[in-house]
Structure formats: C-alpha cells, structure tokens
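Input: a single structure, listed below in structure tokens.
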Protein chains: 2
Amino acid sequence: MTKKLAKSAISQKRVLDAAARIFRDYGYAGTTMRAIADEADLKAGSIYYHYKSKDDLISAVLDIGIRAVTDNVDKALKALPETATGRDRIEAAIRAHLSAIIEVGDYTLATRRALGQVPEAIRARNTRMRDTYGSVWQEILADAHDRGEFRTTANLTLARLFILGALNWTIEWFKPGGRSIDDVAREFASVVLDGLSGNGGSAAMAEELSPPAKAKRSSPRIRAV
Amino acid sequence: MTKKLAKSAISQKRVLDAAARIFRDYGYAGTTMRAIADEADLKAGSIYYHYKSKDDLISAVLDIGIRAVTDNVDKALKALPETATGRDRIEAAIRAHLSAIIEVGDYTLATRRALGQVPEAIRARNTRMRDTYGSVWQEILADAHDRGEFRTTANLTLARLFILGALNWTIEWFKPGGRSIDDVAREFASVVLDGLSGNGGSAAMAEELSPPAKAKRSSPRIRAV
DNA sequence: GTCTATAGGGAGATAGAC
DNA sequence: GTCTATCTCCCTATAGAC
C-alpha cells in the first residue's frame, strides 16, 4: 500500500503534513506561510514551488480529512458478509468512522478549526463531499429500519444528525494510549441501538460493577466539552 | 428581567453582539477590529473605549457562550419536582442545553470557531468552566444509574461524551423555523435512553409510519456534517 | 463617546540567484 | 528545489481633536 515517492513528492507531503498541524493549531486566518515553512523545515518562499497559494494548501488538507472517512466507511461496509444485519452495518460504520478521523487526526482537527473560515468556493466543494457522506449514513439507517430492526417511532434524520455529531466530536477528547477505538465504538453503538436503560448484550467496559447504591462520588476530573 | 441600560452599556452590548457575529464568521485571527466596528456601526478606534483589546472582546464572547448553557441547565434542574426520575432530569437537561446554545447561537458558534485559536490564558479559563459543566452531567448520569434506571453495563463517562458531543453539534445544523427545539430534545433523549431498536414510549415525530418495506428511496438532500 | 490619523509590525506572494 | 530580498497591503493599538 505504501508507494515509493519521488523526492519532490516527499517534500510536498512534508509541507502538507506541516500545514495540517499549523491549520489545526491556528485556524485558517491565523496560519501563516512562514509558520508552515518553519514546521516543514524550509523557507516560506519555497512552499510556492509545491502549492500555488495558501488556499491551495487548505483545500488539500480539507479534502484529505473527509476522504479518509468516506473511504474507510465504504471499505468497512463492503467487507461485511451478505448476511450482515442492520446492527452489524451500523457498528462497522461507527468503528470505521472513528478510526479514520483519529488516524488522520491532524487533518480532522484542521478541518474543524478552519472549515468555517475558508473562502466560500473551497468550503462549498468540501461541504458537498460531506453531504454525500451524510446520505450514506441515511441509507444505512433506512436499511436497518426497513429490515424491521428499529422501533417504528424512530426519526432517522435526527438519529443520523445525533450519531454523526457524537462521532465527529470524539476527536476533541479521544487520546491515543487511553481507551481503544474498538471499545469506544462498541459503547457508542450500544447507546445508539439499545439506549442507556435498554438491556443490550453487546455493551462493554462496565464502569461500576457494584450494585446501585448511594455511593459517595468525588467530583471527577472532566475533560472540557 | 430586561434591565434598562445606560447609553454606554447599550453601545458596549452592540459592540459585543457585533464581535460575536464576526468571530463566528472569521474565527479569532481572521477577525479584525475594523470588521467588528463596521458591524457595530462605529469606527475601529472607538471600540477601545469599551474594550481594551481584541483579547478582552473574545474573552467576553467565550464566557457568555458557556454561561448561557450552565445557567439554563441549572435553572431547569432546580425547577423539577422532588419526584423527578433520572429520565426526567436527563430530558430536562438536554432540552435546556439545546435551547441555550441556540438562543445565543452567535456566541456558541463564535466559541466553536475561535476557542482553539485563542491565547492560552483565555482558553484555559473558559475550559475550566466547561469542565465544571461536564461534571454536572456526570452527576446527572451517575444519579440515574444509582437509581437503577440504567443497564449495569452502561459506561457513564463515554455516555456523557457521546451525549454532549451530539448536543454541541446541533448548532451546526439546527435552523430556527424548522423543527422545534422540544421535538429535537425529545427525540435525542429517546435515542440516548431507549436506543433506536428499543421500544421507548416517549418517541415523537415518526418519520415513516408505513410498515417496513423495501421502499424505493431517492437520495436525500443532506446537510453537511 | 466617537472621530481621524498614524505608528510599528507582519501578512501573502513574486523575482531571480544558486 | 530551495534560497534571499522585497513589493504591497492590512493589522492592532494609541494619541489627541471634537
């Protein structure tokens, strides 16, 4: 899968990775070509050999961010057997979405920070790609519903917005080295499909195994949301 | 509740509202004092009579964004009767969170766009307020769990991150004039508590009332996520 | 309170040497 | 391919008139 790259392509990739990190930290307007150049270990003027403008760079970063997700989810769905249930497909899509956004975390976070500030034409193109991804999810949910796996009162559009919101937010708090992506994906799927009060069988990582009781809880150290 | 404001306070509020809209559209670095001044109908130099710097302004905007949410959720929880169940409290908190972020939408979106780019000292202070709000939610969930309303396998920390992620994302797609906040809140609570496959009784707004069938679905017009 | 004018510093992008 | 040097423009913040 890893291709041998020409020397020029290596530099180009180094600049792109550096750009993702700087856009991630400073947003679109706050990012300077000089800062990207420093991060990539060359001088500002040299970037223009690889990319013709700052807009060209942000555009490439944004595309990688969404493409990683759509490609990974497509792949995961195609890898499922014919006999997969709606639940199987939802679990697979959640896992694929999470691993993709975390795998290219710099690009994902750069997108989150910069997308709203980017020139209209660039944003519109990226937004179209995201809309297409949204309809993939709408189809997944509609399919599970058609199979009779959902309660009839379920609102699929709101469910999709709810699921994708929660998934996209994950990048804000997930830190490699803590919980595994699989564990997070399993628990998310469990909440979405069975709910917190339901009695789903696939839940993992019970936090409190002791029986319900008026336990004294110290104020927990919480990550900002 | 609406106080009469001195002339100076009126101008100050006009500048602050203008700043929220401009920060929302251009992020922290992309916002210029000139743009805020234009939006507030005065000249750039005059802003400095009300706020001593750009950092002073963004700081005020960020504080309003989180305070609106914590205050509204606190108020909603306190308004509940003694007999309220864990489910009641979760539903109330979801509704209060949603109405607050939408009510001060410009400030909410400005926070989303700018928080990551703001000088460290300002971000740290705002992040502490957000952490405190996170522990309020952790308590709400722990309480419902202690009452025996959740399945024992539920992971409360992940559930909290999941719920708050989905709620915070709502500002990206919610448009006043469409669905009501109450409807969205009800459906979100229904997914979180009962799941999509559960048979909760509180679900509203069924999208497809016809029985499951292999209906032909046209590719839906989807909002970007 | 709001204005005009401006000081002082950086920004994106280009040209041409190496 | 990468460098240095530089053009031109726009930024935050201040000073002082009204």
Side-chain angles (χ1 to χ4, degrees), chain A residues 4-62 110 113-114 116-123, chain B residues 4-62 110 113-114 116-123:
Chain A
K4 178 131 186 168
L5 298 175
K7 186 169 186 178
S8 154
I10 291 174
S11 296
Q12 184 160 345
K13 179 76 161 69
R14 208 179 64 224
V15 170
L16 193 60
D17 284 345
R21 287 191 294 272
I22 302 297
F23 281 125
R24 173 198 68 188
D25 290 343
Y26 301 99
Y28 174 72
T31 289
T32 69
M33 299 302 266
R34 286 165 177 80
I36 295 173
D38 279 356
E39 181 81 13
D41 256 317
L42 39 63
K43 300 295 176 180
S46 309
I47 293 180
Y48 291 86
Y49 176 82
H50 300 287
Y51 294 90
K52 74 175 203 295
S53 69
K54 185 178 172 180
D55 286 358
D56 216 43
L57 259 172
I58 187 66
S59 196
V61 168
L62 295 178
R113 296 278 155 74
Q117 310 172 39
V118 138
E120 179 51 30
I122 296 173
R123 179 168 57 245
Chain B
K4 177 129 186 173
L5 298 174
K7 186 170 185 177
S8 154
I10 291 175
S11 295
Q12 185 161 344
K13 178 75 161 69
R14 209 179 64 224
V15 170
L16 193 61
D17 285 345
R21 287 191 293 272
I22 303 295
F23 281 125
R24 174 198 68 189
D25 290 343
Y26 301 99
Y28 174 72
T31 289
T32 69
M33 298 302 262
R34 277 176 242 282
I36 295 173
D38 279 357
E39 182 80 11
D41 256 318
L42 39 62
K43 300 295 175 179
S46 309
I47 293 180
Y48 291 86
Y49 176 81
H50 301 286
Y51 294 90
K52 74 176 205 295
S53 68
K54 185 178 173 181
D55 285 358
D56 216 42
L57 259 173
I58 187 66
S59 196
V61 168
L62 295 178
R113 296 279 156 74
Q117 311 171 39
V118 139
E120 179 52 28
I122 297 172
R123 179 169 57 243

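As the structure is a prediction and not an experimental result, all values here were calculated from the model. Below, chains carry the letters A, B, ... as their sequence lines are ordered, and counting in each starts from 1. All values below come from the heavy atoms of this structure, side chains included, with hydrogens, waters and symmetry mates left out.
Put simply, CD1 on A/Ile47 is 14 Å from P on D/dT4, counting in whole angstrom units. Rounded to an integer number of Å, the gap from B/Lys52 NZ to D/dA13 C1' is 13 Å. Atom CG of A/Leu42 is separated from atom P of D/dT4 by 11 Å (rounded to the nearest Å). Atom-to-atom, CG of B/Leu57 to C1' of D/dA13 comes out at 13 Å; the value is rounded to the nearest Å.
Tested against B/Lys13 for a side chain to side chain contact (heavy atoms under 4.5 Å, CB included), the candidates B/Asp17, B/Val15, B/Ile10 yield a single pass: B/Asp17.
Inter-residue side-chain proximity for A/Leu16 and A/His50 is flagged as unmet; no heavy-atom pair is nearer than 4.5 Å.
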Atom pairs under 3.5 Å: protein N/O with N/O of nucleotides 7-11 of chain D:
unit_1	atom_1	unit_2	atom_2	d
D/dC11	OP2	B/Arg34	NE	3.0

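The nearest heavy atom of DNA chain D to A/Asp41 and to B/Asp55 marks one nucleotide each, and the one closer to the 5' end goes with A/Asp41.
Around the OH atom of A/Tyr51, the shell of radius 6.0 Å holds more than 12 heavy atoms that belong to other residues, nucleotides or ligands.
Side-chain contact, A/Asp55 with A/Tyr28: a donor N or O sits under 3.5 Å from an acceptor N or O.
Taking every nucleotide of DNA chain C with any atom under 4.0 Å from a non-hydrogen atom of chain A, the first and last of them, 5' to 3', are C/dA11 to C/dT14.
For the atom pair A/Ser11 OG and A/Ile47 CD1, the distance stands at 11.5 Å (nearest 0.5 Å). Here the OG1-CZ distance, from A/Thr31 to A/Arg24, works out to 10.5 Å after rounding to the nearest 0.5 Å.
With sequence neighbours excluded, no residue satisfies salt bridge (charged side-chain N to carboxylate O under 4.0 Å, His left out) with A/Lys43.
The backbone N or O of B/Ala44 sits nowhere less than 3.5 Å from a side-chain atom of B/Arg34 that would complete a donor-acceptor pair.
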